[in-house]
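Everything quoted here is computed from the prediction, not taken from an experiment.
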Amino acid sequence: DAGVIQSPRHEVTEMGQEVTLRCKPISGHDYLFWYRQTMMRGLELLIYFNNNVPIDDSGMPEDRFSAKMPNASFSTLKIQPSEPRDSAVYFCASSLGGLAGSNEQFFGPGTRLTVL
Amino acid sequence: AQSVTQLDSQVPVFEEAPVELRCNYSSSVSVYLFWYVQYPNQGLQLLLKYLSGSTLVKGINGFEAEFNKSQTSFHLRKPSVHISDTAEYFCAVRTNAGKSTFGDGTTLTVKP
């Protein structure tokens with residue numbers, strides 16, 4: 001398997017523009033996580049899905065952020081409108097349940113977002 | 001709710017010296033414990049995990065960690081570090097519901 005795939009790897013946009021980050025989890029994994037990493041705030045869990053259903057979105061900073069998982073092989077994180085303080089590296093991760101909570105997360109390479 | 005505290009943000013150490021990266025956690029429910037490593041410009045990779053059983057867990061690259069329930073700690077150790085161990089290390093807890101909480105990370109810098 002190719003691992004967790006994220007696109008784009010880098011995104012530079014201007015304030016006010018819509019940004020869409022994409023993630024393809026590892027095939028067969030039933031959990032998907034979106035994280036944001038910054039120097040100031042470290043690694044923050046934004047939202048996670050189980051079997052395509054959002055379980056906890058308490059980490060989503062505000063209404064400008066939204067995430068969807070229309071099927072088991074694809075998820076998006078959208079920021080509309082984007083602001084400079086959204087600049088960060090956004091990671092997607094997936095894991096396999098079964099013994100719920102016992103399985104490691106596999107991280108994608110991240111999307112480095114810069115909002116000017 | 002869960003929280004994870006990594007007690008040292010930066011740990012400089014000389015090559016071939018031992019190292020310990022400290023992690024304390026708190027949780028109102030049972031959790032599983034993980035250490036991840038992040039090399040520059042990469043995602044996180046699992047080093048080791050504690051699910052149950054023996055409290056001493058061995059991971060990749062010669063790292064090990066010991067779960068101490070009474071002290072709610074899960075410190076990471078390596079008896080002899082290499083230059084290539086220079087990276088950021090994250091301690092994390094995960095509930096049965098799948099929610100993960102990460103510490104702020106510890107930057108390990110191994111000097112020649």
Practice problem: Go through A/Glu83 and A/Arg64 one step at a time and tell me if the salt bridge (charged side-chain N to carboxylate O under 4.0 Å, His left out) criterion holds. | Solution: CA-CA 9 Å; A/Glu83 296 182 3; A/Arg64 297 185 297 106; 3.5 Å; yes
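For an aromatic pair to be called close, the ring centres must be under 6.0 Å apart, and A/Phe107 with A/Tyr35 satisfies this. Checked against a 6.0 Å centroid threshold, the rings of B/Phe34 and B/Phe102 do not count as neighbours.
The closest side-chain donor-acceptor pair between B/Thr109 and B/Thr86, if any, does not fall under 3.5 angstrom. With 3.5 Å as the limit, one finds no donor-acceptor pair spanning the side chains of B/Arg22 and B/Thr106.
The part of B/Phe90 that comes within reach of chain A is its side chain, from C-beta onward, which places non-hydrogen atoms under 4.5 angstrom from that chain. Within the 4.5 angstrom heavy-atom criterion, no atom of A/Asn50 approaches chain B. Of the two parts of A/Gln105, the backbone and the side chain both hold a non-hydrogen atom closer than 4.5 Å to a non-hydrogen atom of chain B. Only the side chain of B/Gln38 comes within contact range of chain A, judged by heavy atoms closer than 4.5 Å.
Contacts with chain A were tallied for B/Ser100, B/Ser30, B/Ala92; B/Ser100 has the most, counting heavy-atom pairs under 4.5 Å.
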